[in-house]
Every structure is written in structure tokens, then in C-alpha cells.
K.L.:
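Pasting a structure here, questions to come.
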Amino acid sequence: MNKVSTGKVIVCDGNEAAAWGACLSRPDMVAVYPITPQSSLVEYLAQFIADGRMDADLMDVEGEHTVLSVLHGAVLAGARTYSATSAQGLAFMFEPYFRTPGLRLPMVVSLVTRDAVSPTCVWGGQQDAMTVKEVGWIHMYCETQQEILDTIPIAYKVAEHPDVMLPVNVNHDGNYLSYGVARVELPDQSVVDAFLGEKQVNWHACLDPERPMAVDPLTGGAGGIGPSLFVKYRKGICAGMQDALRIIEEAHEDWGRRTGRYWSPLIEEYRMEDAEVALVTIGSMTGAAKDAVDDARASGKKIGLVKIKTFRPFPAARIAQALSRVKAVGVVDRSVNFGWNCGPVYQEVLAAMYAQPVRIPMMSFIGGLAGADITVEHFAEVVHRTFRLAGGEAATGPVWLNEND
């Protein structure tokens, strides 16, 4: 990342960084319901609005289902909106959550990721976000507090692009990023205004009393035009997702030119130039993984790392290109794919590498569930096991990193 910007510097946690990102993006309406570890994000938004720092209508409703339902109406009426949720709140939001991409509503919602019940747990994990990865929302994962703030305006730019028109979740890890404090630079409001330009929220479906229209009519069934219409809508979401790969890169490049902060839009390659073995990470765990890579490099091991920033749409071609030169790959997840007995990111990387001419051995590692730490020592074990894989040892797994902590 090239750092040349001279904006105002503050010290804040990840939830406040998300609130600042939303504030600078000038939403017209914010609807919220608090849930751990997202609650302080809601408090920051309420304080910003009470202080007159943020010019938005705040709707403090009775639950997450209503949060997203009222925002549907607001977007259809031409408003830019924002919200945030987590875990069981996301589960309670699921019915309107599923409807949002079908309506092509370009809203932005922060997911402060958390492991899901049962057993009861209020600590960090990514099981909530990974559970909804097939619904049609774009998903971006952040590594640091600064990346959280910067990614929210970028998300609006992507969501509102005419070639995309899909909702975006900006995900940051509960506990580690939500409560972790770091130096964050606030871009000037004029920079964000120029970056986002005029709102492009509802050009496709605008509620207007002078032009009454039906929204989301019953479609499908057997016979007539229903099935073909339904296919048309589904193909439209798929096309928007694939177009988003390009728009996400363009939006990150534009943000970098204006702020001096160039985040990797789809994947980040770290010390991959001559790597024989690679780790794949997502979210805040990446910092400890980079330290482990540096330690291994210092001892003469040629290893690199690929961080996934955009998980939906999945950057399959970029992943395959980055990993095609290595002898083995270790993929670390913070959630579980129960049906495949591995992590969901591992399963995605495996699929991305399927078309490669040479089959590269891979191993699934799962750690950090329910707020557990994934330390540099855990990643040293991942490095050790992945080099053994490169040396010809058969893949086993998944390896549960915190099983004996």
C-alpha cells in the first residue's frame, strides 16, 4: 500500500471506523438493531446523527427483519442507506436479505462477523457471513481498521454502478477488528463526495405516486412467460456479479488515486514472487500469517501468502494465476463447511484450481472459531504441515488449529 494521503488522523476501533466510512458516504437513512459485537457501531452512528455530524434519518426498529425491510422501501424511494448486523441478527434478517439482490437494491451493510449458535457464543468467527455466501450479495473482507473505513465508500461505488446494482456486505471480524484500536486516517469529505459523485440508487425502479408500479410481483411457475422471466432475473444477478469483478478493481484504483491508499481489490499477493509454498487467508488473521511467512523466509523457506479481499464474486481466475506456480497450498478458514468436512474458503480455492494442468496438493486448516486466537505459532504449524505436503506427504485434514489450546 502506498501511503501519501494527509487526511485527519484518529485512533479508533473497527466499529467506529465503519461508522466513519458510512458517515462520509452520506447515506440518507440508517436503520439499526444492536447485537454483539456490532452494538457499538450502532452507538457511534446514533451519536454522529445526534451531534449533527451525520445528516441521515435514524430508524431504531424492533428487530433485524424490519431493519432491512424499511431500507428496501427507502432505496426504492431513492435513498442511499446503511446498516450493520451480526450472526443471529443476520439470521433474523434472512427473509429480506434474500430478497435484496433479487430487487437489485444497491445498499451497503456491514457484517461484524461472529460465530453462530449453537452452542451459545457471542465471539468472533466467520460462520455467519459464510453461511449467506450464495444469496447474491457481494462480500468483501477487511484486514485492518483503515481498510474497513476505506472499503465502505468503495462498496457504495460498486453497488451503485449500473453494471452491478447489487447489495454489498463489508465484513470485518468481530472482537478482533470491532474492538481492536488502531491509527486510522479520515479522508476529507470533499474527497469522498468527488469519489462517489451523484447517487445512482434507483434508476431501475423508482417509486413515484404519479407512476404507480408493482414491485417484486409473483414470477415463475410452469407455462407462460413466468419461467423464462425468472431465468432472466437469475441470469441478470449472475451477470452483475461477474461485472463486479471489473468494477471492484476500478473503484479501488480510483480510491487509491484520490487518497494514496491502494488496497488490493480482489486478492493480495504477499512475498509470492518465488514462493514454493503458499498460504491462503481471509480477514484479520492475515496479519499473524504474514508474520509467520516472514519468520519462515528468515529461515530460508520460500513461502508466500494470498489474502482474499473479495469473496463474492469469487476471483477464481486471479486465485488460479497466483497459486499456479507453487508446490502446495495451505488454506486457513475461520468457519466450517460441515458437508465437506473442511473450511469454505478451502472448498472455493480447490474449485478455482480444478482447471489447472497440474494438480497442486492442498490442505484445509480451521482456526479462530468462537473468538479463539490464531497466533503466529499456529501459522508456524500451518507452514510446517504445508511444506510436508509439498514434500510428498499425503494430505489429511481438516487440521483444527485450536483443538488442544
K.L.:
For the CZ atom on Phe230, are there more than 12 heavy atoms of other groups (residues, nucleotides or ligands in this structure) within a distance under 6.0 Å?
P.N.:
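No, not enclosed.
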K.L.:
Less than 4.5 Å apart, side chain to side chain, heavy atoms only: is that true for Arg26 and Leu196?
P.N.:
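No, every pair of side-chain atoms sits at 4.5 Å or beyond.
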K.L.:
Per the side chain to side chain contact (heavy atoms under 4.5 Å, CB included) rule, which among Arg334, His378, Glu377 passes with Leu401?
P.N.:
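Among Arg334, His378, Glu377, the one that satisfies the side chain to side chain contact (heavy atoms under 4.5 Å, CB included) with Leu401 is His378.
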K.L.:
Indicate yes or no: does Glu134 engage Arg312 in a salt bridge with an N to O separation below 4.0 Å.
P.N.:
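Salt bridge present between Glu134 and Arg312.
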K.L.:
Any chance you could measure Ile282, atom CD1, to Met130, atom CE, to the nearest 0.5 Å?
P.N.:
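Taking CD1 in Ile282 and CE in Met130, the distance rounds to 4.0 Å.
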K.L.:
Output, in order, the C-alpha distance, side-chain angles, deciding distance and verdict of side-chain contact (heavy atoms from CB on, under 4.5 Å) for Leu323 and Val280.
P.N.:
CA-CA 9 Å; Leu323 298 179; Val280 177; 4.1 Å; yes
K.L.:
Let's go through Tyr176 and Asp373 carefully: what are the C-alpha distance in whole Å and the side-chain angles of both, what is the deciding distance for side-chain hydrogen bond (donor to acceptor under 3.5 Å, both in side chains) to 0.1 Å, and is it a yes or a no?
P.N.:
CA-CA 9 Å; Tyr176 292 95; Asp373 291 328; 2.7 Å; yes
K.L.:
To the nearest 0.5 Å, what is the distance between CG on Asp150 and CZ on Arg261?
P.N.:
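Separation between the atoms: 4.0 Å.
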K.L.:
Starting from the C-alpha separation in whole Å, work towards a yes-or-no answer on side-chain contact (heavy atoms from CB on, under 4.5 Å) for Lys309 and Thr151.
P.N.:
CA-CA 10 Å; Lys309 168 70 178 284; Thr151 301; 3.3 Å; yes
K.L.:
For Thr219 and Gly226, which heavy atoms make the closest approach, and how far apart are they?
P.N.:
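That closest heavy-atom pairing would be CG2-O, 3.7 Å.
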K.L.:
Less than 4.5 Å apart, any side-chain heavy atom of Phe314 and any of Lys133?
P.N.:
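No; the side chains remain at least 4.5 Å from each other.
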K.L.:
Examine distances only and state if a side-chain atom of Asp13 and a backbone atom of Asn15 form a donor-acceptor pair shorter than 3.5 Å.
P.N.:
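Yes, Asp13 side chain to Asn15 backbone: donor-acceptor pair under 3.5 Å.
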K.L.:
Answer yes or no: does atom NZ of Lys327 have more than 12 heavy-atom neighbours from other residues, nucleotides or ligands under 6.0 Å?
P.N.:
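Incorrect, the count does not exceed 12.
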K.L.:
Between Arg297 and Asp274, does at least one N-O distance fall below 4.0 Å, as a salt bridge requires?
P.N.:
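Here Arg297 pairs with Asp274 in a salt bridge, since their nearest N and O are under 4.0 Å apart.
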K.L.:
Run Tyr82 and Ser110 through side-chain hydrogen bond (donor to acceptor under 3.5 Å, both in side chains) and show every step you take.
P.N.:
CA-CA 8 Å; Tyr82 176 76; Ser110 286; 2.7 Å; yes
K.L.:
Under the criterion side-chain contact (heavy atoms from CB on, under 4.5 Å), I'd like the reasoning laid out for Asp294 against Tyr270: C-alpha separation, chi angles, the key distance, then a yes or no.
P.N.:
CA-CA 10 Å; Asp294 291 342; Tyr270 181 75; 2.7 Å; yes
K.L.:
Counting N and O atoms only, with roles assigned by atom type, does the side chain of Asp333 sit under 3.5 Å from a partner on the main chain of Val345, one being a donor and the other an acceptor?
P.N.:
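Judged by distance alone, yes, a pair lies under 3.5 Å.
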K.L.:
Is the number of heavy atoms from other residues, nucleotides or ligands within 6.0 Å of CZ (Arg325) greater than 12?
P.N.:
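Yes, CZ of Arg325 has more than 12 neighbouring heavy atoms, counting only those of other groups under 6.0 Å.
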K.L.:
Taking the six-membered ring for Trp, are the ring centroids of Trp20 and Tyr44 within less than 6.0 Å of each other?
P.N.:
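No, too far apart.
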K.L.:
Counting only heavy atoms not in Lys302, do more than 12 sit closer than 6.0 Å to its NZ atom?
P.N.:
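Not buried by this count: 12 neighbours or fewer within 6.0 Å.
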K.L.:
Below 4.5 Å, heavy atoms only, C-beta onward: do Gln126 and Asn171 meet side chain to side chain?
P.N.:
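No - every pair of side-chain heavy atoms lies 4.5 Å or more apart.
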K.L.:
Indicate yes or no for a side-chain donor-acceptor contact from Thr386 to the backbone of Ala278 under 3.5 Å, with no hydrogens or angles considered.
P.N.:
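No, because the side chain of Thr386 does not come within donor-acceptor range (under 3.5 Å) of the backbone of Ala278.
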K.L.:
Identify the heavy atoms of Gln189 and Cys23 that sit nearest to each other, and give their distance.
P.N.:
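Closest heavy-atom pair between Gln189 and Cys23: OE1-O, 4.3 Å.
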K.L.:
For Met363 and Glu393: C-alpha separation, side-chain torsions, deciding distance, then whether side-chain contact (heavy atoms from CB on, under 4.5 Å) applies.
P.N.:
CA-CA 11 Å; Met363 185 176 289; Glu393 185 171 294; 5.7 Å; no
K.L.:
On a heavy-atom basis, which atom in Val158 and which in Val164 lie closest, and how many Å separate them?
P.N.:
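That closest heavy-atom pairing would be O-CB, 3.4 Å.
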K.L.:
Walk me through it: do Thr113 and Asp173 pass the test side-chain hydrogen bond (donor to acceptor under 3.5 Å, both in side chains)?
P.N.:
CA-CA 5 Å; Thr113 61; Asp173 288 340; 3.1 Å; yes
K.L.:
Surrounding CE of Met59 (heavy atoms of other residues, nucleotides or ligands, distance under 6.0 Å), is the total greater than 12?
P.N.:
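No, the 6.0 Å shell around CE holds no more than 12 heavy atoms from other groups.
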K.L.:
Once rounded to the nearest 0.5 Å, what's the spacing between atom CE of Met93 and atom CD1 of Ile35?
P.N.:
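Output value for this atom pair is 9.5 Å.
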K.L.:
Okay, side chain of His384, backbone of Ala380: is any donor-acceptor separation there less than 3.5 Å?
P.N.:
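Answer holds: no.
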K.L.:
Is the shortest heavy-atom distance from the side chain of Thr81 to the side chain of His72 under 4.5 Å?
P.N.:
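Not touching, per the 4.5 Å side-chain cut-off.
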K.L.:
Report the distance from atom CD of Glu185 to atom NZ of Lys8, rounding to the nearest 0.5 Å.
P.N.:
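Glu185 CD to Lys8 NZ: 12.0 Å, rounded to 0.5 Å.
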K.L.:
Which heavy-atom pair separates Phe92 from Gly63 by the least distance, and what is that distance?
P.N.:
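Smallest heavy-atom distance, with atoms named: CE2-CA, 4.0 Å.
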K.L.:
Tell me if a side-chain donor or acceptor on Gln38 pairs with a main-chain N or O of Tyr33 at a distance below 3.5 Å.
P.N.:
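Between the backbone of Tyr33 and the side chain of Gln38 there is a qualifying donor-acceptor contact (under 3.5 Å).
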K.L.:
Just wondering, do Val331 and Leu350 contact through their side chains at under 4.5 Å, heavy atoms?
P.N.:
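Heavy-atom side-chain distance check fails, nothing below 4.5 Å.
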K.L.:
Centre of Phe195's six-membered ring, under 6.0 Å away, within 45 degrees of the axis: is that where NZ or CZ of Lys157 sits?
P.N.:
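Because its charged atom sits under 6.0 Å from the ring centre and within 45° of the axis, Lys157 does stack over Phe195.
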K.L.:
If you look at every heavy atom in Ala251 and Ile154, which pair is closest and at what distance?
P.N.:
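Scanning both residues, the minimum pair turns out to be CB-CG2, 4.0 Å.
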K.L.:
Once rounded to the nearest 0.5 Å, what's the spacing between atom OG1 of Thr281 and atom CG of Leu305?
P.N.:
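Rounded to the nearest 0.5 Å, the OG1-CG separation comes to 4.0 Å.
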K.L.:
To check you understand the geometry: which heavy-atom pair defines the closest contact between Gly240 and Leu166, and what is its length?
P.N.:
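Residues Gly240 and Leu166, closest heavy atoms: C-CD1, 3.9 Å.
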K.L.:
Measure the shortest side-chain to side-chain distance between Ile10 and Val184 over non-hydrogen atoms and say whether it is less than 4.5 angstrom.
P.N.:
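Side-chain contact under 4.5 Å: yes.
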K.L.:
Hey, is the main chain of Gly125 close enough, under 3.5 Å, to the side chain of Asp115 for a donor-acceptor pair?
P.N.:
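The answer is no, because no donor-acceptor pair under 3.5 Å joins these two groups.
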K.L.:
Quick check with a 6.0 Å cut-off and a 45 degree axis cone: is Arg385 positioned over the face of Phe365's six-membered ring?
P.N.:
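No, Arg385 does not sit over the ring of Phe365.
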K.L.:
Heavy-atom distance under 4.5 Å between the side chains of Arg99 and Leu68, does that happen here?
P.N.:
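Of all side-chain heavy-atom pairs linking Leu68 with Arg99, none is under 4.5 Å.
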K.L.:
Within the side chain of Trp137, is there an N or O that forms a donor-acceptor pair under 3.5 Å with the backbone of Tyr97?
P.N.:
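Side chain of Trp137 to backbone of Tyr97, a donor-acceptor pair under 3.5 Å: yes, one is there.
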K.L.:
Verify, without hydrogens or angle tests, whether Arg114 (side chain) and Thr36 (backbone) share a donor-acceptor contact under 3.5 angstrom.
P.N.:
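Such a contact is found between Arg114 side chain and Thr36 backbone.
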K.L.:
What's the separation between atom CD in Glu147 and atom CD1 in Ile152, rounded to the nearest 0.5 Å?
P.N.:
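Separation between the atoms: 11.5 Å.
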K.L.:
Could you tell me whether Asp254 and Arg258 have a side-chain N and a carboxylate O separated by less than 4.0 Å?
P.N.:
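Salt bridge flag = yes for Arg258 with Asp254.
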K.L.:
Would you find more than 12 non-hydrogen atoms of other residues, nucleotides or ligands less than 6.0 Å from Glu198 atom CD?
P.N.:
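Not more than 12 within 6.0 Å, no.
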K.L.:
Flag the pair Ser25 / Val108 as yes when at least one side-chain heavy-atom distance between them is below 4.5 Å, and no otherwise.
P.N.:
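No, their side chains stay 4.5 Å or more apart.
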K.L.:
Give a yes or no answer on whether the side chain of Gln145 reaches the backbone of Gly180 with a donor-acceptor pair at less than 3.5 Å.
P.N.:
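Flag set: sc Gln145 to bb Gly180 pair under 3.5 Å.
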K.L.:
So, the side chain of Asn175 versus the backbone of Trp123: is there a donor-acceptor pair under 3.5 Å, distance only?
P.N.:
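Pair absent, no side-chain N/O of Asn175 close to backbone of Trp123.
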